[in-house]
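For reference, the structure discussed in these notes is given below.
Convention: sequence-line order gives letters A, B, ...; per-chain numbering from 1.
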Number of protein chains: 2
Amino acid sequence: MDERKQRVLQAVVQDYIESAEPVGSRTIARRHDLGVSPATIRNEMADLEMLGYLEHIHTSSGRIPSSKGYRFYVDGLMQPTRLTEEEKAQIDHWYRARVKRIEEVFQETARLISHVTKNVALVLAPQMKKSAFRCLQFLPLDDRRSVAVLMTDAGFIENRIVAMPSGATFEDFQRMARVINDCLTGCTLDAIPKAAYRKIRSEISDENLYEAALDVISRALDDTEGRDRLYLGGTREMLSQPEFQDVERVKEILLMLEEEQLLKEILHAHLGEGLRVTIGRENDYKGIQDCSIVTATYHLDGELLGTIAVLGPTRMEYGRAMSLLGYMNEHLSDVVRRLGWQG
Amino acid sequence: MDERKQRVLQAVVQDYIESAEPVGSRTIARRHDLGVSPATIRNEMADLEMLGYLEHIHTSSGRIPSSKGYRFYVDGLMQPTRLTEEEKAQIDHWYRARVKRIEEVFQETARLISHVTKNVALVLAPQMKKSAFRCLQFLPLDDRRSVAVLMTDAGFIENRIVAMPSGATFEDFQRMARVINDCLTGCTLDAIPKAAYRKIRSEISDENLYEAALDVISRALDDTEGRDRLYLGGTREMLSQPEFQDVERVKEILLMLEEEQLLKEILHAHLGEGLRVTIGRENDYKGIQDCSIVTATYHLDGELLGTIAVLGPTRMEYGRAMSLLGYMNEHLSDVVRRLGWQG
DNA sequence: GTTAGCACTCAGGGGCAATGAGTGCTAACC
DNA sequence: GGTTAGCACTCATTGCCCCTGAGTGCTAAC
């Protein structure tokens, strides 16, 4: 793949991303200064098609990039788009004006990303179960029930009503809490060692109370599942993209977007990989093989927190999406640090 | 409006709901046994159009019901559809299989409703601020912060990290909690009387501590805002309705559905009115004046809890939607009672 | 190796007629 | 007087044809 082929590929990808129309040799010759005639470009394009970087709907339509073509473009040809200071200022302003409570951060982040990129934004909120046990405490509710409050290092707090076994007093529960605290402090919630359970067993002699303790722990952990909430925004923005003029395709993508569990899986799969682009066919899930996803993971004090992503047609402004995610990343870590995340 | 006109109107509405095509006199004569010829039906239809119950796209197309026509149908002509025992069993089964945690109830309810009605389902989860203060307690976090846990009668539990003013000890905070509990017990969160605040003021002499107490209360209440979460399901189901073959219309409705705040307002507006149908033009919001909403409020022990709704094109199976909502209503009250709602 | 020229392809759009569902009106019927 | 058959008329939809224009692929000349 010589220099000139690369320049042609770059031209095709850029023009196609901009216009959403198959691009022809003539257009490229006119709009890019390659110093050769359309005929030459035609030859190059034919070669690029042979090599799998470009595609053809039918004879006599222009070329569009294949997944492989986009991949080459993203990896090598694309010039990194930087957000302008003005754009950054606008984002900061929006954030400041809109986000009053921590719960709003994620929804607003999604909204902002979708607004800027005109694509769907996905934000996976911090995962409670990845953070470390800090302490468990009980509050009395009535004579049959009490409230278990679980706190973790990342600042998550989770509560759950638990029934007290008949005969057990609130004091028993508080004693139980002390035992659990001793044994679990520092454990990551999704990886509590067997030894910890054994230790708790050995310290709580009463059978009923031990059962209750296990119940409390498992239910507290259970709850954390639902907490890695997914925020989604910009369905409508994306539908204004020309690729979604067809109702069938719209339905297809909406079907996909309603599968929250599936989306979470996809984001989880990319967790911890920094900034990453997955293009078209590279996606494992068939429903989005004509889409691309840009994901980024945000951290707090070195601790993995969550993922933000842009999902849109393969014809996407990759550079822009990537730099935006990078910027939002910092922002998000920052806001979470500042306001403190409480689950 | 004589008997026969009503039967014709009924026939038109039913056929149109079923077929989504404008219905003509001939079709009605064939499919409904009115005992008169198409010509007679034509005359009746012309009259019904005069009276505003039917509409015409252009000469020589069949009639479709107007909002007024649907209203008359819903209020008087519609025969109440009952869910079959089989359907009920299926719903029960789905519920049992899917709902493991209380948080899932609402999402699954939305999913189920949309699945059955092929329309968008909206579920407004219980409103914390409408329930009554039960107690406030503190848990120690570290030497500068503690966790405030607020519980209400409906079983909501809400927690918040609060900074302790320098000089204040955790014991001070516990004393403060006792005062607040004494003063606020039984107050509905969104209507705390001025007198209660005065009482707190008189019992807490320390200025800093009083400030902190107000802060705790206001922030606890603040949080409750975000808690009346809206669950939404079935966008895709609705889009398979023939009225949404047009991409423009799809975008319009999606724009609407992304405005969570607006949807909440709409549901709030119908709160406490039992089972209610709002048809087409009757909607205050322009964006959905070609849609209908069926809403129902669910209760627990006489206490208002939330709203569930079906949103779809005016051509909707009203009877079915209504009986389904009625059934889900019971179910929801029941599940919330059984599992206990924790916010 | 590059380019001009030319034949060929194919989607999209406009024009046009045929089709068919449906109305509205009038005159005949019971 | 209400009901109905008959008929002219309307209009959206469909299929068809043709044209246009953008674009390719090939060949021969530069």
Side-chain angles (χ1 to χ4, degrees), chain A residues 1-9 11-13 15-16 18-66 69 242-243 245-247 249, chain B residues 1-9 11-13 15-16 18-66 69 242-243 245-247 249:
Chain A
M1 181 104 116
D2 60 27
E3 164 83 22
R4 194 172 65 188
K5 275 194 182 44
Q6 294 189 15
R7 290 189 62 194
V8 172
L9 177 57
V12 172
V13 175
D15 275 25
Y16 184 63
E18 207 180 301
S19 70
E21 306 269 299
V23 307
S25 51
R26 206 189 157 82
T27 320
I28 288 186
R30 221 183 309 126
R31 312 225 328 215
H32 299 258
D33 189 25
L34 295 184
V36 291
S37 77
T40 309
I41 293 173
R42 264 203 301 282
N43 292 332
E44 295 289 30
M45 280 162 82
D47 291 354
L48 284 167
E49 189 171 349
M50 282 289 159
L51 294 168
Y53 294 104
L54 294 181
E55 282 171 2
H56 230 186
I57 306 293
H58 58 272
T59 353
S60 90
S61 88
R63 300 314 209 286
I64 61 172
S66 66
E243 13 274 290
Q245 287 317 88
D246 175 34
V247 180
R249 183 130 183 230
Chain B
M1 181 105 118
D2 60 27
E3 164 83 22
R4 195 172 65 187
K5 276 196 181 43
Q6 294 190 15
R7 290 189 63 193
V8 171
L9 177 57
V12 172
V13 176
D15 275 26
Y16 184 63
E18 209 179 302
S19 70
E21 307 270 297
V23 307
S25 52
R26 206 189 156 82
T27 320
I28 288 185
R30 224 183 308 125
R31 311 222 332 213
H32 299 257
D33 190 26
L34 295 183
V36 290
S37 76
T40 309
I41 294 173
R42 264 204 301 283
N43 292 332
E44 296 289 29
M45 280 163 81
D47 292 354
L48 284 168
E49 191 172 348
M50 283 290 157
L51 295 168
Y53 295 104
L54 294 181
E55 280 171 3
H56 230 187
I57 306 294
H58 59 272
T59 353
S60 92
S61 88
R63 298 318 207 287
I64 62 172
S66 67
E243 13 275 289
Q245 287 315 89
D246 175 33
V247 180
R249 183 131 181 227

Nearest-nucleotide wise, let me know which of B:His58 and B:Arg4 is further upstream toward the 5' end of DNA chain D. B:Arg4

Identify, between B:Glu44 and A:Val23, the residue whose nearest nucleotide on DNA chain D lies closer to the 5' end. B:Glu44

If you count heavy atoms of other groups shown closer than 6.0 angstrom to CG of B:Asp33, is the number above 12? no

Can you tell me if A:Arg26 has over 12 outside heavy atoms packed within less than 6.0 Å of its CZ? no

Which nucleotide in the set [options] lies at the smallest distance from any side-chain heavy atom of [X]?
{"X": "A:Ala39", "options": "D:dT4, D:dT24, C:dA4", "value": "C:dA4"}
{"X": "A:Thr59", "options": "D:dT3, C:dC10, C:dA4", "value": "C:dC10"}
{"X": "B:Arg63", "options": "D:dT24, C:dT3, C:dT23", "value": "C:dT23"}
{"X": "B:His56", "options": "D:dT4, C:dT3, C:dT23", "value": "C:dT23"}
{"X": "A:Ser60", "options": "D:dA5, C:dG22, C:dC10", "value": "C:dC10"}
{"X": "A:Met45", "options": "D:dT24, C:dT23, C:dT3", "value": "D:dT24"}

Return yes if the base of C:dG5 and the side-chain atoms of A:Arg42 contain a donor-acceptor N/O pair under 3.5 Å, otherwise no. yes

Under 3.5 Å, is there an N or O donor on one side and an acceptor on the other linking the side chain of A:Arg26 and the base of D:dG23? no

Apply the side chain to side chain donor-acceptor pair (under 3.5 Å) test between B:Glu44 and each candidate in B:Arg7, B:Gln6, B:Lys5; give the one that qualifies. B:Lys5

What is the distance, rounded to the nearest whole Å, between atom [atom1] of [X] and atom [atom2] of [N]?
{"X": "B:Leu34", "N": "D:dG2", "atom1": "CG", "atom2": "C1'", "value": "16 Å"}
{"X": "A:Asn43", "N": "D:dT27", "atom1": "CG", "atom2": "C1'", "value": "12 Å"}
{"X": "B:Glu3", "N": "D:dG2", "atom1": "CD", "atom2": "P", "value": "17 Å"}

Salt bridge between A:Glu18 and A:Arg31, side-chain N to carboxylate O under 4.0 Å? yes

